[in-house]
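Read through the structure below, which is laid out as structure tokens, and then see the notes.
By convention here, the first residue in the shown sequence is residue 1.
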Amino acid sequence: MEHEVFVPVPAERLREVLDDPARVARAVPGLQQDAGAEPVAGRLKIRVGSHSVTYRGAVRVSRRGDDAYEVEGEAEESRGSGTVKLTLRIVLREAEDGCTVVYDGTASADGRIKDLPAEAVEGAVTRLMNRFAEHLAAAATDAGDAGADDAGARAEAGEKAPSDPGLTEETPAPERPSVFGSDVPSSSHGPVDEEDEEDIAEAAHARRTMIGRSAEEVDHAPPRGRYAPVPAPQTVTSPAPLRWAAPAAALALASAIVAVRALRRRR
């Protein structure tokens, strides 16, 4: 088989990905890696037309020269007795605004895939190689962007860091003036009458008396001066003995009058 794929990524970036087996495994489309197995090993489902075949196996990628890589793989059907053997050579060829990934190799297979149409099998393999090249380019682009971000962050941190920490001094924070310890300034809008002066003096006295008192005492302390609450008027009620004094006096006066009249009649 022979196939070429153009990707808009420099060849040097693709070499970095192909030299890392873990990144190669992530670039294989549809590969489900087995826990504890080789980096490029696991299950791979290939769709051929309206059929799908799942293989379990491993692939080894080794570098041959500056721009060439050799891929060797073996796999067997997960539900059947069919096997596949692959020998592939990958060459990275420099091109304008990117590079060309050239595939050249052979493969042999038996089992279910041998009974499928040759055109469908060729289309599935071509689609798999195209997606593999695209995933390699995406992995190389992501790694380049991450490296550029790290370099930019380090450069920015270097610019912000002082050249000599001993020559830089921190500016002391300005002290906040105390409200309770300052005198109330006189108004600059005009003359102050006597009543305003009394109000200002009362307010200053109230602030000074709050110093040294707890927050609970200040919150519950009643206001003073003109802002003090006016006590509610209290109704004066006479005690109970005084309430019956007037009727008793009237009764005594009436009794005296009757007695006087009776004495006059006897005379």
Here the side-chain hydrogen bond (donor to acceptor under 3.5 Å, both in side chains) pairs for residues 86-112, sequence neighbours left out, are Thr83-Asp110
- Got Pro29 and Leu128 here, is their nearest side-chain heavy-atom distance under 4.5 Å? yes
Worksheet item: Under a single-linkage definition using a 4.5 Å side-chain heavy-atom cutoff for Ile, Leu, Val, Met, Phe, Trp and Tyr, are Val102 and Val125 assigned to the same hydrophobic cluster?
Response: no
The single option from Val28, Leu31, Val101, Val71 that satisfies side-chain contact (heavy atoms from CB on, under 4.5 Å) with Phe132 is Val28
Could you check whether any side-chain N or O of Arg261 sits under 3.5 Å from a backbone N or O of Ala256, counting only pairs where one atom can act as donor and the other as acceptor? no
### Query
Less than 4.5 Å apart, any side-chain heavy atom of Asp19 and any of Arg63?
yes
(message) Could you check whether any side-chain heavy atom of Val7 comes within less than 4.5 Å of a side-chain heavy atom of Leu14, counting everything from C-beta outward?
(response) yes
| Is Arg13 reaching over with its side chain to a backbone N or O of Arg15, donor-acceptor style, under 3.5 angstrom? | no
So CD of Glu12 and CG of Asp67: to nearest 0.5 Å the spacing works out to 9.0 Å
### Side-chain touch Tyr69/Leu92, heavy atoms, less than 4.5 angstrom
yes
Here the pair of heavy atoms bringing Arg23 nearest to Ala139 is NH2-O, 3.4 Å
Heavy-atom closest pair (Ala109 atom, Lys114 atom, distance to 0.1 Å) is O-CD, 4.2 Å
- Item | Arg56 side chain to Thr54 side chain, donor-acceptor N/O pair below 3.5 angstrom | no
Rounded to the nearest 0.5 Å, the CZ atom of Arg131 sits from the OG1 atom of Thr126 at a distance of 13.5 Å
To the nearest 0.5 Å, atom NE2 of His51 lies from atom CG of Leu116 at 5.5 Å
Closest non-hydrogen contact found for Ala120 with Gly49 is CB-N, 4.5 Å
When every non-hydrogen atom of Val5 is compared with those of Ala133, the smallest separation belongs to CG1-CB, 3.8 Å
*If you group Ile, Leu, Val, Met, Phe, Trp and Tyr by side-chain heavy-atom gaps below 4.5 Å, do Met129 and Val24 land in one group?*
yes
Taking every heavy atom of Cys99 against every heavy atom of Pro10, the minimum-distance pair comes out as SG-C, 4.4 Å
Here the gap from His3 atom NE2 to Leu88 atom CG, rounded to the nearest 0.5 Å, amounts to 11.0 Å
Shortest non-hydrogen pair, Ala27 vs Leu136, comes out as CB-CD2, 3.7 Å
Query raised in the report: Quick one: does Met1's side chain get under 4.5 Å of Glu122's, heavy atoms only?
Result: no
Checklist entry - Is any side-chain heavy atom of Val59 less than 4.5 Å from a side-chain heavy atom of Glu74? => result no
